[in-house]
Colleague: 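I am attaching a structure below and will ask some questions about it afterwards.
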Amino acid sequence: MDTGSIAWAITATALVLFMTPGVAFFYGGLVKAKSVVSMMMMSFGALGLISVLWVLYGYNMSAVDSVWSFAGNPFSDFALGSLATGETANVDLIGVAFGATFAIITVALISGAIADRAKFGAWMIFAGVWATLVYFPVAAWVWGGGWILNLGEELGLPGVIDYAGGTAVHINAGAAALALALVLGKRVGFQKGMDKPHNVPLTLLGASVLWFGWFGFNAGAEFLNELANTGLIVLNTLGATAAAILGWLVVEKFKDGKPTSVGAASGAVAGLVAITPACANLEPGWALLLGAVAGAVCALAIELKFKLGFDDSLDVVGIHLVGGLIGTLYLGFFAIDTGLFVGGDLGQLAVQTIAAFGVLAYSFVVAFVLGFAIEKTIGFRVKNEDELAGIDTIVHGEEGYKLETV
């Protein structure tokens, strides 16, 4: 590899790693002031734990030798001693680090569904086991030679398109978030209007960091392709996100009467989610349409928790699961050359649908069983009185803000 590609790979890795603190800021601003430390610690806990697990055995699990293998052998190169001394170690290890950042943020995203009411220790146990049983194998299915990567060839159809993680990251995290929301149940006093953000600027900062880092998230892997398609990816990441902001704000104006800054931030994230799988395979005009659709639909989807009665605290389901499904399935209609409306047939839509719902079902079931087991043994949810008092001091012995009474 030339030095420019290596430099971009390192930069992209840093950008994606920065996204997890971005998640912490985004989520932290949305919760109440007495839960901000707990909320942000879930992201930083994922940073520590998943990084270590990825180096020890997660990377080994993320590639398979045969199409229908569940995952790679976790002990094939434990702690990557052999990889680090190989002839191509320089490039290989950068790839390992880049892959780790995806694993970290996928786990961190889940935490928004259980804000204000989860024990930190229980969350860390869930994070480590879920990453091992779900994220590492799914990464192998999508990018590491597994069944999703080869589904089109097996069925005689176009290959599944998931450039940067519509299935592996967003549908995966969104389905697990739904499962945990059901396991932990509703917050005390759950009703529409209860979850007012305590710090809107913090949320806007988080969304800004996420958008900044997402250029590495979507275009980072182009170092393997000598940056051949980077221009299209970067433009689509910009355009779809911008259109999603507008789509969300229009719906919010008609639905609630006022466009909000939190709505703009949420719309940006919805657009980023939707363009993730599609960034390298849409013409810019279709990317703009995808963003507008994702922003509008996700703005409506976040109301489902009130209608269906599940408490997804920070709308992980409405944004990441729904947005991930939209972006993944949209390719079946508008992917360059293979989409139904741009020269293809139903084949692309078929494989996109199988991949999306296959990951959704697997992640949901494992997360539900795992969350239920933790809740029934050591307990996953804090006591109601601790939730009302604010879990920052109860769980971490800290306060996000030192407020003096005058």
Side-chain angles (χ1 to χ4, degrees), residues 16 46 49-80 83 92 95-111 123-155 159-180 221 276-277 320-321 324-325 328 351-374:
V16 182
L49 178 62
I50 306 306
S51 297
V52 171
L53 297 184
W54 183 261
V55 173
L56 291 178
Y57 63 83
Y59 177 75
N60 298 331
M61 294 180 66
S62 68
V64 292
D65 296 326
S66 61
V67 173
W68 298 106
S69 294
F70 173 71
N73 179 1
F75 304 108
S76 58
D77 185 14
F78 193 75
L80 306 178
L83 189 67
D92 291 341
V96 172
F98 183 65
T101 61
F102 278 66
I104 294 163
I105 194 170
T106 303
V107 174
L109 289 173
I110 301 170
S111 64
W123 160 251
M124 292 292 280
I125 293 171
F126 173 86
V129 179
W130 184 88
T132 302
L133 296 180
V134 181
Y135 182 81
F136 300 159
V138 171
W141 301 350
V142 176
W143 298 308
W147 70 269
I148 290 178
L149 185 64
N150 292 281
L151 182 63
E153 183 177 349
E154 293 289 317
L155 298 178
V160 174
I161 300 171
D162 186 359
Y163 191 83
T167 56
V169 176
H170 299 295
I171 293 173
N172 208 3
L178 176 59
L180 283 192
T276 293
H320 291 276
L321 180 56
L325 285 170
T328 301
V351 295
Q352 298 297 121
T353 302
I354 294 170
F357 286 96
V359 170
L360 189 162
Y362 177 69
S363 179
F364 177 85
V365 170
V366 175
F368 189 90
V369 172
L370 178 57
F372 185 82
I374 294 172

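Values reported hereafter were calculated over all heavy atoms of this structure, with side chains retained and with hydrogens, waters and symmetry mates removed. Nothing fancy with the numbering, it's 1 onward along the sequence.
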Colleague: Just so I know, are the side chains of Val129 and Thr132 near enough to count as touching, which here means a heavy-atom distance under 4.5 Å?
Modeller: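 A side-chain contact under 4.5 Å is absent here.
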Colleague: Taking all heavy atoms of Ala131 and all of Pro137, pick out the closest pair and write down the distance.
Modeller: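 Taking every non-hydrogen atom into account, O-CD, 4.1 Å.
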Colleague: Hey, does Trp147 have a side-chain heavy atom less than 4.5 Å from the side chain of Ile354?
Modeller: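 In contact.
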Colleague: Does any N or O in the side chain of Trp54 come within less than 3.5 Å of the main-chain N or O of Val96, such that one atom is a donor and the other an acceptor?
Modeller: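 Yes; at least one donor-acceptor contact below 3.5 Å.
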Colleague: Hey, are the side chains of Phe126 and Ile110 touching, using non-hydrogen atoms and a 4.5 Å cut-off?
Modeller: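 Yes, at least one pair of side-chain atoms sits under 4.5 Å.
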Colleague: For residues Leu321 and Leu360, determine if any side-chain heavy atom of one lies less than 4.5 Å from a side-chain heavy atom of the other.
Modeller: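 A side-chain contact exists here, since the closest heavy-atom pair is under 4.5 Å.
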Colleague: Counting only heavy atoms not in Phe372 (residues, nucleotides, ligands), do more than 12 fall under 6.0 Å from its CZ?
Modeller: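 Atom CZ in Phe372 is not packed in, count stays at 12 or less.
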Colleague: Between atom CD of Glu154 and atom CD1 of Ile148, what is the distance when rounded to the nearest 0.5 Å?
Modeller: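 So the gap between those two atoms works out to 13.0 Å.
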Colleague: Between the side chain of Trp130 and the main-chain N/O of Ala173, is any donor-acceptor distance below 3.5 Å?
Modeller: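 Here the side-chain-to-backbone pair does not exist.
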Colleague: In this structure, which one of Leu56, Leu49, Ile50, Val55 forms a side chain to side chain contact (heavy atoms under 4.5 Å, CB included) with Val52?
Modeller: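 It is Leu56; the other options fail the test.
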Colleague: Is a side-chain N or O of Thr328 found less than 3.5 angstrom from the main chain of Gly324, in a donor-acceptor match?
Modeller: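 Answer holds: yes.
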Colleague: Under 30°, 30 to 60°, or over 60°: which ring-plane class applies to Tyr57 and Phe136, parallel, tilted or perpendicular?
Modeller: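 If you compare the ring of Tyr57 with that of Phe136, the planes turn out perpendicular.
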Colleague: For the CZ atom on Phe70, are there more than 12 heavy atoms of other groups (residues, nucleotides or ligands in this structure) within a distance under 6.0 Å?
Modeller: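 Atom CZ in Phe70 is packed in, count exceeds 12.
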Colleague: Starting at OH of Tyr362, measure out to CG of Asn172 and round the result to the nearest 0.5 Å.
Modeller: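 Answer for the OH-CG pair, Tyr362 versus Asn172, is 9.0 Å.
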Colleague: Tyr59 versus Leu83: any side-chain heavy-atom pair under 4.5 Å?
Modeller: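 Yes, their side chains come closer than 4.5 Å.
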Colleague: Is a side-chain donor or acceptor of Asn150 paired with a backbone partner of Val67 at a separation under 3.5 angstrom?
Modeller: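 Not confirmed, Asn150 side chain does not pair with Val67 backbone.
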Colleague: Show your reasoning for whether side chain to side chain contact (heavy atoms under 4.5 Å, CB included) applies to Phe357 and Ile171.
Modeller: CA-CA 9 Å; Phe357 286 96; Ile171 293 173; over 6 Å; no
Colleague: Flag the pair Asn73 / Asp65 as yes when at least one side-chain heavy-atom distance between them is below 4.5 Å, and no otherwise.
Modeller: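 They are not in contact (no side-chain heavy atoms under 4.5 Å apart), so the answer is no.
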Colleague: Take Thr276 and Tyr163 through the test side chain to side chain contact (heavy atoms under 4.5 Å, CB included) and record every step on the way to the result.
Modeller: CA-CA 7 Å; Thr276 293; Tyr163 191 83; over 6 Å; no
Colleague: Would the distance check show the side chain of Asn60 and the main-chain N or O of Phe75 forming a donor-acceptor pair, the cut-off being under 3.5 Å?
Modeller: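 No; zero donor-acceptor contacts below 3.5 Å.
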Colleague: Take atom CD in Glu153; do more than 12 heavy atoms of anything else shown fall under 6.0 Å from it?
Modeller: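 No - once you tally the heavy atoms of other residues, nucleotides and ligands closer than 6.0 Å, there are 12 at most.
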Colleague: So which atom in Gly166 and which in Asp162 form the shortest heavy-atom distance, rounded to 0.1 Å?
Modeller: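 Closest approach of Gly166 to Asp162, heavy atoms only: N-OD1, 2.6 Å.
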Colleague: Are Ser51 and Ile104 side-chain neighbours, meaning at least one heavy-atom pair lies under 4.5 Å?
Modeller: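 When only atoms from C-beta onward are counted, Ile104 and Ser51 do touch, with a gap below 4.5 Å.
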Colleague: If you round to the nearest 0.5 Å, how far is CD1 of Ile374 from CE of Met124?
Modeller: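 With rounding to 0.5 Å, CE (Met124) is 12.0 Å from CD1 (Ile374).
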Colleague: Using the side chain to side chain contact (heavy atoms under 4.5 Å, CB included) definition, which of the options Thr106, Val142, Val359, Val138 pairs with Val169?
Modeller: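 For Val169, the side chain to side chain contact (heavy atoms under 4.5 Å, CB included) test succeeds with only one of Thr106, Val142, Val359, Val138, which is Thr106.
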Colleague: Tell me, do Trp123 and Val107 make a side-chain contact under 4.5 Å, heavy atoms counted?
Modeller: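 Yes, at least one pair of side-chain atoms sits under 4.5 Å.
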